[in-house]
There are 2 protein chains.
Amino acid sequence: MTASILVVEDEPAIQELIAVSLARSGHAVQRAASAEEAMRSIAGVLPDVVLLDWMLPDESGPILARRLRNEARTREVPIIMLTARASDEDKVAGLESGADDYVTKPFSPRELEARIQAVLRRRTPQLSKEAVEIEGLVLNPATRTVAGAGKSLKMGPTEFELLHFFMTHLDRVHTRAQILDQVWGDHVFIEDRTVDVHIRRLRDALSASGHDDLVETVRGAGYRFLSKR
Amino acid sequence: MTASILVVEDEPAIQELIAVSLARSGHAVQRAASAEEAMRSIAGVLPDVVLLDWMLPDESGPILARRLRNEARTREVPIIMLTARASDEDKVAGLESGADDYVTKPFSPRELEARIQAVLRRRTPQLSKEAVEIEGLVLNPATRTVAGAGKSLKMGPTEFELLHFFMTHLDRVHTRAQILDQVWGDHVFIEDRTVDVHIRRLRDALSASGHDDLVETVRGAGYRFLSKR
DNA sequence: CCCTCCGGTCACGGAACTGTCACACTACGA
DNA sequence: TCGTAGTGTGACAGTTCCGTGACCGGAGGG
């Protein structure tokens with residue numbers, strides 16, 4: 001599998017080495033010598049993987065990693081960090097910043113390619129399958145179940161997806177159009193008011209476990225899911 | 001191979017780190033910050049692996065491990081313990097409590113994933129040989145027999161494999177494609193709807209011993225085998 | 001050769017779900 | 001207070017999805 005890869009490395013010789021190696025493997029390579037350049041590059045083209053030198057002169061490697069992790073657009077992009085030595089401090093700092101993997105210099109092109117393939121394979125296009133819990137309400141995507149107050153809640157597929165979306169986007173007001181985009185998909189042509197109906201069906205389902213008032217109507221704007229009552 | 005994983009870790013930052021990393025690898029993640037939460041979570045969904053922080057504030061890590069090992073439903077679930085440092089005392093205590101493996105902090109996502117895959121590999125062949133029992137329904141792979149309510153149940157080979165797959169992957173929803181991959185093999189060219197027919201044949205066979213309602217239809221998603229009614 | 005068992009497919013009917021509407025109701029400004 | 005825009009609710013028809021019985025063909029045994 002080939003990918004679009006951003007290489008963030010300040011040392012020209014090493015950057016060249018990596019870029020050539022990756023290009024030979026069929027990847028589309030973009031280069032940056034600093035965090036600023038990297039952000040500009042990402043603003044243009046969202047890469048599939050970021051190779052990030054941890055030893056940038058101004059200590060901007062970890063900072064850049066955190067920025068990528070904190071912004072919605074780049075949150076899911078895997079980061080492989082390049083470290084001079086595998087010290088424990090580096091590992092800890094890297095993991096806390098959200099790096100997916102690290103490669104210690106010196107490394108072979110083979111190893112680098114293997115790591116890239118690994119993170120690409122691991123990348124999941126779908127929503128996170130992690131269970132979510134709010135106010136005693138537990139939604140488990142793996143079992144496709146919702147439980148509240150000890151009992152299992154019954155609801156239709158659309159209501160389930162709707163609840164999943166809400167529980168992973170707490171306290172924010174979503175317009176009906178946004179909800180349609182996120183839950184139904186951005187290609188459908190469905191009336192806004194349809195959302196209202198599914199909101200009601202979701203409320204009905206939630207009230208079975210006493211979880212009323214979790215879905216709040218914001219008049220003139222849309223709906224919002226409250227993280228606490 | 002992806003799995004359902006329970007992360008027991010009281011430190012929110014580390015818990016988040018691990019959970020995100022595992023979710024990115026395609027695993028279904030459930031979280032708990034204490035032994036009590038962990039037990040509640042397990043009561044709902046039986047995980048394939050438990051990641052257990054050994055340094056829970058109230059010393060409940062080893063206690064939880066022993067409880068899991070002493071209860072029939074959780075006896076077979078592999079436990080990977082997370083230790084701050086690999087002191088000998090920890091190793092001894094961990095192994096005595098029944099942990100299958102341990103990982104020392106700091107650790108990389110790769111390392112963690114490798115350990116998980118290792119215990120899953122180690123566990124799977126055992127599951128395929130050992131008898132499985134759910135709700136009085138006993139499936140014995142060695143003799144290829146199924147017994148429920150005292151009498152032997154008659155079913156075809158495909159239904160047997162299907163039941164075996166279900167009984168070793170409880171509560172989770174499987175799409176028809178996943179079921180085809182796991183039971184028929186991932187190379188077959190069979191209609192999705194064929195799964196439906198075998199589901200019915202399996203249900204018919206199970207109803208002979210009164211085990212109705214064990215195979216649940218999840219409309220729009222697939223099927224799931226319930227561990228308790 | 002026949003007979004039985006089993007696996008895969010199909011067609012049909014029913015059940016569940018969806019999107020929409022009409023109407024009742026509520027909140028908010030004039 | 002009243003009017004109006006916005007929202008909740010019940011109902012309904014179209015659609016999708018699933019359970020079921022039946023069929024056919026192949027494998028294997030007597």
Side-chain angles (χ1 to χ4, degrees), chain A residues 144-146 152-166 173-208 211-226, chain B residues 144-146 152-166 173-208 211-226:
Chain A
R144 225 182 160 80
T145 53
V146 182
S152 172
L153 298 184
K154 186 170 159 48
M155 65 183 68
T158 305
E159 283 70 47
F160 183 88
E161 295 298 334
L162 185 58
L163 179 60
H164 191 196
F165 168 70
F166 272 137
V173 177
H174 307 280
T175 68
R176 292 173 174 76
Q178 288 171 338
I179 293 174
L180 280 175
D181 282 357
Q182 295 290 326
V183 178
W184 276 259
D186 55 1
H187 55 289
V188 295
F189 59 117
I190 292 182
E191 300 289 326
D192 274 8
R193 290 301 311 279
T194 299
V195 174
D196 297 22
V197 180
H198 284 279
I199 291 283
R200 176 174 63 87
R201 288 169 181 163
L202 175 59
R203 282 173 171 157
D204 287 348
L206 292 182
S207 73
H211 287 85
D212 303 277
D213 311 323
L214 272 180
V215 181
E216 188 182 69
T217 303
V218 182
R219 194 179 173 84
Y223 296 95
R224 157 168 58 177
F225 194 85
L226 301 175
Chain B
R144 291 190 75 86
T145 54
V146 182
S152 172
L153 297 184
K154 185 170 159 50
M155 66 182 68
T158 304
E159 284 71 40
F160 181 87
E161 293 299 333
L162 185 57
L163 179 60
H164 189 199
F165 169 69
F166 272 137
V173 174
H174 308 279
T175 66
R176 293 173 174 76
Q178 288 170 339
I179 294 173
L180 281 175
D181 283 357
Q182 296 290 326
V183 177
W184 276 259
D186 56 1
H187 55 287
V188 295
F189 46 94
I190 293 182
E191 300 288 327
D192 275 6
R193 290 299 310 277
T194 299
V195 174
D196 297 21
V197 180
H198 285 279
I199 290 283
R200 177 173 63 88
R201 289 169 180 164
L202 175 58
R203 281 172 172 158
D204 288 348
L206 292 181
S207 73
H211 288 86
D212 303 278
D213 310 324
L214 273 179
V215 181
E216 191 180 72
T217 303
V218 181
R219 195 179 171 84
Y223 296 95
R224 136 175 85 176
F225 195 85
L226 300 175

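Chain A is the first sequence line, chain B the second, and so forth, proteins listed ahead of strands; every chain is numbered from 1.
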Is there a donor on the side chain of [X] or the base of [N] sitting less than 3.5 Å from an acceptor on the other?
X: B:Arg201; N: C:dG8; value: yes
X: B:Arg219; N: C:dG14; value: no
X: A:Arg193; N: D:dG6; value: no

(Q) Heavy atoms only, 4.0 Å cut-off, all strands: where does A:Phe160 land among base, sugar-phosphate and nothing? (A) nothing
Q: Just call it for A:Val218: base, sugar-phosphate, or nothing, with non-hydrogen atoms closer than 4.0 Å on any strand.
A: sugar-phosphate
Phosphate OP1/OP2 of [N] contacted by [X] side-chain N/O (<4.0 Å):
X: A:Tyr223; N: D:dG6; result: no
X: A:Thr217; N: D:dG8; result: yes
X: B:Trp184; N: C:dG7; result: no

Whole-Å distance between [N] [atom2] and [X] [atom1]?
X: B:Leu162; N: C:dG7; atom1: CG; atom2: P; answer: 11 Å
X: A:Ile199; N: C:dT18; atom1: CD1; atom2: P; answer: 14 Å
X: B:Arg200; N: C:dT9; atom1: CZ; atom2: C1'; answer: 12 Å
X: A:Asp196; N: D:dT7; atom1: CG; atom2: C1'; answer: 6 Å
X: B:Arg176; N: D:dT16; atom1: CZ; atom2: C1'; answer: 12 Å
X: A:Glu191; N: D:dT7; atom1: CD; atom2: C1'; answer: 15 Å
X: A:His198; N: C:dC21; atom1: NE2; atom2: P; answer: 14 Å
X: B:Glu161; N: C:dG7; atom1: CD; atom2: P; answer: 11 Å

Q.
Which residue in the set B:Arg201, B:His198, B:His164 passes side chain to side chain donor-acceptor pair (under 3.5 Å) when paired with B:Glu159?
A. B:His198
Q: In sequence, state the C-alpha distance, the side-chain angles, and the governing distance for B:Phe166 and B:Ile199, and then conclude on side-chain contact (heavy atoms from CB on, under 4.5 Å).
A: CA-CA 11 Å; B:Phe166 272 137; B:Ile199 290 283; 3.7 Å; yes
(Q) Using heavy-atom distances to pick each residue's nearest nucleotide on DNA chain C, tell me which of A:Ile190 and B:Val195 is more 5'. (A) B:Val195
Q.
Please compare B:Asp192 and B:Met155 by the position of their nearest nucleotide in DNA chain C and report the one closer to 5'.
A. B:Met155
Q | Carboxylate-amine/guanidinium proximity below 4.0 Å for B:Asp196 and B:Arg200 | A | no
Q: State plainly whether the residues B:Arg144 and B:Glu161 are in salt-bridge range, i.e. N to O under 4.0 Å.
A: yes
**Q.** Nearest-nucleotide pick for B:Pro157, side chain only, options being C:dG8, C:dC6, D:dG8
**A.** C:dC6
Q | Listed nucleotide nearest any side-chain atom of B:Lys154, set D:dT9, C:dT18, C:dC6 | A | C:dC6
Q.
Does any part of the side chain of B:Tyr223, heavy atoms only, come nearer than 4.5 Å to the side chain of B:Thr217, both counted from C-beta?
A. yes
